[in-house]
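The structure under discussion appears below in the form of structure tokens.
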Amino acid sequence: MTRRGAAPFAAAPNRFERVYAVVRRIPRGRVATYGQVAALAGLPGHARFVGYALAALPAGSRVAWQRVVNAQGRVSARRDGAGVEALQAAMLRGEGVRFGPDGAIALAAFRWRPGRGGR
DNA sequence: CCACTGACGAGTG
DNA sequence: GCACTCGCCAGTG
């Protein structure tokens, strides 16, 4: 195709799609960090982009956006927050993800690790 | 077309 | 450990 500058992917539809595809692969009861998702999507270093992609998610999408947390294992607060972060935390707890006393998830135990036997 | 914004992360002082 | 800066991409006014 026409060279997309330095696009590492030839048939890459939209980068958003790549991000969504990765997020969909996160198994229930596990979480991934923005940076991790970005890297898996072939966009290393673009953690911010992942956040934006998720923010642009249409309502009703099956993307498990709630399983994406920041590098600290905490739910990132949105600008227009409206308690959505609380909902996200509740959803995760419902999947078996446990939060520490400081409200952070122990990534060492719950971080999704693809390519290692599945989980 | 320009400027600003937005679910982040790593580095620096 | 905290405050600040830079980088990255796409959408919107």
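Proteins get letters first, then strands, A, B, ... in listed order; numbering begins at 1 in each.
- Once you apply a 4.0 Å limit to the heavy atoms of chain A, the touched nucleotides of DNA chain C run 5' to 3' over C:dG7 to C:dG11.
- Rounded to whole angstrom, the span from the CZ atom of A:Arg15 across to the P atom of B:dC8 amounts to 19 Å.
- Rounded to an integer number of Å, the gap from NE2 of A:His46 to P of B:dC8 is 15 Å.
- Rounding to whole angstrom units, CD of residue A:Glu85 and C1' of B:dA7 are separated by 10 Å.
- The CD-P distance, from A:Gln36 to B:dA10, rounds to 12 Å in whole Å.
- Atom CD in A:Glu85 sits 6.5 Å away from atom CZ in A:Arg78 (nearest 0.5 Å).
- Scanning for side chain to side chain donor-acceptor pair (under 3.5 Å) contacts around A:Gln72 gives an empty result, with sequence neighbours left out.
- The same atom, P, is picked in B:dT12 and in C:dC8; the two are 16 Å apart, to the nearest Å.
- Within the model, atoms CG of A:Leu57 and OH of A:Tyr52 stand 11.5 Å from one another, a figure rounded to the nearest 0.5 Å.
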Show which side-chain atoms of residues 88-101 of chain A pair as donor or acceptor with protein atoms under 3.5 Å away, not counting sequence neighbours.
unit_1  : atom_1 : unit_2  : atom_2 : d
A:Gln88 : NE2    : A:Gln66 : O      : 2.9
A:Gln88 : NE2    : A:Val68 : O      : 3.1
A:Glu95 : OE1    : A:Gly29 : N      : 3.2
A:Glu95 : OE1    : A:Arg67 : NE     : 3.0
A:Glu95 : OE2    : A:Gln66 : NE2    : 3.3
A:Glu95 : OE2    : A:Arg67 : NE     : 3.2
A:Glu95 : OE2    : A:Arg67 : NH2    : 2.9

If you restrict it to nitrogen or oxygen atoms, what contacts under 3.5 Å exist between nucleotides 1-5 of chain B and the protein, and what is each distance?
none

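- Here the rule is side chain to side chain contact (heavy atoms under 4.5 Å, CB included) with A:Trp112, and of A:Val31, A:Thr33, A:Ile26, A:Val37 only A:Ile26 fits it.
- Residues in residues 32-61 of chain A take part in no salt bridge (Lys or Arg N to Asp or Glu O under 4.0 Å) pair, two or more places apart or across chains.
- If you take CG of A:Leu107 and P of B:dC8, they are 15 Å apart, rounded to a whole angstrom.
- Taking atom CZ on A:Arg48 and atom P on B:dG6, their separation rounds to 9 Å, with Å as the unit.
- Comparing A:Phe16 and A:Ala47 along DNA chain C, the residue whose closest nucleotide (by nearest heavy atom) sits nearer the 5' end is A:Ala47.
- When the C1' atom is used for both C:dA10 and B:dA10, the distance is 22 Å, rounded to whole Å.
- The CD1 atom of A:Ile105 sits 8.0 Å away from the CZ atom of A:Phe110 when rounded to the nearest 0.5 Å.
- As judged by a 4.0 angstrom heavy-atom cut-off over every strand, A:Ala55 is placed among the base-contacting residues.
- Applying the side chain to side chain donor-acceptor pair (under 3.5 Å) criterion to A:Ser76, with sequence neighbours excluded, gives A:Asn70.
- Separating the CZ atom in A:Arg15 from the OH atom in A:Tyr20 is a distance of 13.5 Å, to the nearest 0.5 Å.
- Atom pair A:Leu57:CG and B:dG6:C1' shows a separation of 14 Å (rounding to whole Å applied).
- When the C1' atom is compared between C:dG13 and B:dA7, the two are found 22 Å apart, to the nearest whole Å.
- B:dC4 and C:dT5 have their P atoms separated by 16 Å, with the value rounded to a whole Å.
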